[in-house]
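All ligand and atom numbering here is 1-based and tracks the order in the structure.
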Amino acid sequence: MKSTDMTSTLRRTWAEIDLDALSYNYHTIRDYIGRDRKFLGVVKADAYGHGSVHIAKKLQELGADYLAVSSIDEAMELRFHGITMPILILGHTPKEQVDRLICFNITQAVTCEAKAHEYSAEAVKYGGTLKIHIKVDTGMSRLGYICDGDYFQHGVDGIVEACRLPGLEAEGIFTHFAVADEPGEDCRAYTEHQFKLFTDVIAAAEAKWGHRFLLRHCANTGATVYYPETWLDMVRPGLLLYGYGEFAQKLGLRPLMSLKTTVSTIKIYPAGTHISYGGIYTTTKKERIGVVPYGYADGFFRVLSNRCSLMTVDGPAAQRGKICMDMCMIDLTDKTNVDVGSVVEIFGTQQPVEKLAELAGTIPYELICAVSKRVPRYYLEGGDVVAKELLLRM
Ligand SMILES: *Cc1c(COP(=O)(O)O)cnc(C)c1O
């Protein structure tokens, strides 16, 4: 089926996900980092709103080495849908689930001594080995063994202790940067400090433990593009892979998602008509106003009310009045080629998501993750729809 004639009862608002762009981005990043580094694709939060099953399937087919998610539920979803490649859980998993982690060959981050002991005890009880990656807190101040300053030796000792616990196999070690994607010398210095601390911790831990970590990784999107020294054994980008933001632009990557809707109704109002809740917009002349079925329950940001535009075949149409739960209004007064049924792009190749994010005072991550479960995802390859997914229970 051609992307242009998608007929579906669900044709209301939909997201087109370009799997060719995913392949392109993947190969471009791989070429950039060189063949001898491994590649972990971050597919947490439903692959940043793109649908983790289809993204993971494609990454598996492309030959990516690892995936990362935030929870065991996200990992199990992938395992239940044919993803057999290694998966790392970045966040916490309750100790009661250790048997499932082992059974489904899922790798768990270990972020502190207490969890290392809990996981070890559960793994021994179950009679298996849990693969772990040690998380080092080098300055993100979120998860991980604290290792900075006076904590260095204590942190290293704790890490080595975890590596030696029965039932655990320490395959990797990682840290996360706080400002690798921010400009300026202070941020560079902060990132370099984090990286130096990370490599110092690895050296001290490996010396004491007497083994090497197979996978040392820390490069998120910003570091993958601007800090080649941080690539180590594996890079770990998220946003970059999906093709958004300045770093993706730097590498010439392509955005995966085009979020589209259609004009469902058009009405012509006289001057002085209040549009939508609260009457924050009043027509100043005879105006032709379209209703599009895209509201904050679909992932639109209400804060953008009356402050943004959506892209039509005749160019950007100003959004008018408060954005409602299920729809919003756009000004089609001078858009003579736009009629009921016309396709309108919310963001995508015509209107970059970065622009809407900036208007909303946020980052592209938040807008793509916000695309809600009632928006069907259509996966395109070679111009054809190869899969459709609606995350609603039907
Ligand atoms: C989300 C996340 C990433 C990916 O971050 P991007 O900025 O999207 O590249 C990498 N590592 C960890 C630990 C994360 O939580």
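A side-chain hydrogen bond (donor to acceptor under 3.5 Å, both in side chains) check over residues 289-298, counting only residues at least two apart or in different chains, returns the pairs Arg12-Asp298, Asp298-Arg374.
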In a table with atom names and distances, give each donor-acceptor pair under 3.5 Å that connects a side chain of residues 170-184 to protein atoms at least two apart or in another chain.
residue	atom	partner	partner atom	Å
Glu171	OE1	Tyr66	OH	2.5
Glu171	OE1	His133	NE2	2.6
Thr175	OG1	Val136	O	2.6
Thr175	OG1	Thr138	OG1	2.8
His176	ND1	Arg236	NH2	3.2

* Asked: side chain to side chain contact (heavy atoms under 4.5 Å, CB included) between Leu251 and Thr224: does it pass, once the steps are laid out?
  -> CA-CA 11 Å; Leu251 296 193; Thr224 298; 5.8 Å; no
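With sequence neighbours excluded, the residues that form a side-chain hydrogen bond (donor to acceptor under 3.5 Å, both in side chains) with His193 are Asp148.
Between Glu192 and the options Gln194, Arg188, Lys196, a side-chain hydrogen bond (donor to acceptor under 3.5 Å, both in side chains) holds for only Arg188.
At a heavy-atom cutoff of 4.0 Å, ligand 1 is surrounded by Val42, Lys44, Tyr48, Leu90, Arg142, His176, Asn220, Thr221, Arg236, Pro237, Gly238, Leu239, Tyr365.
Using cut-offs of 30° and 60° for the angle between ring planes, the Phe104 and Phe80 rings count as perpendicular.
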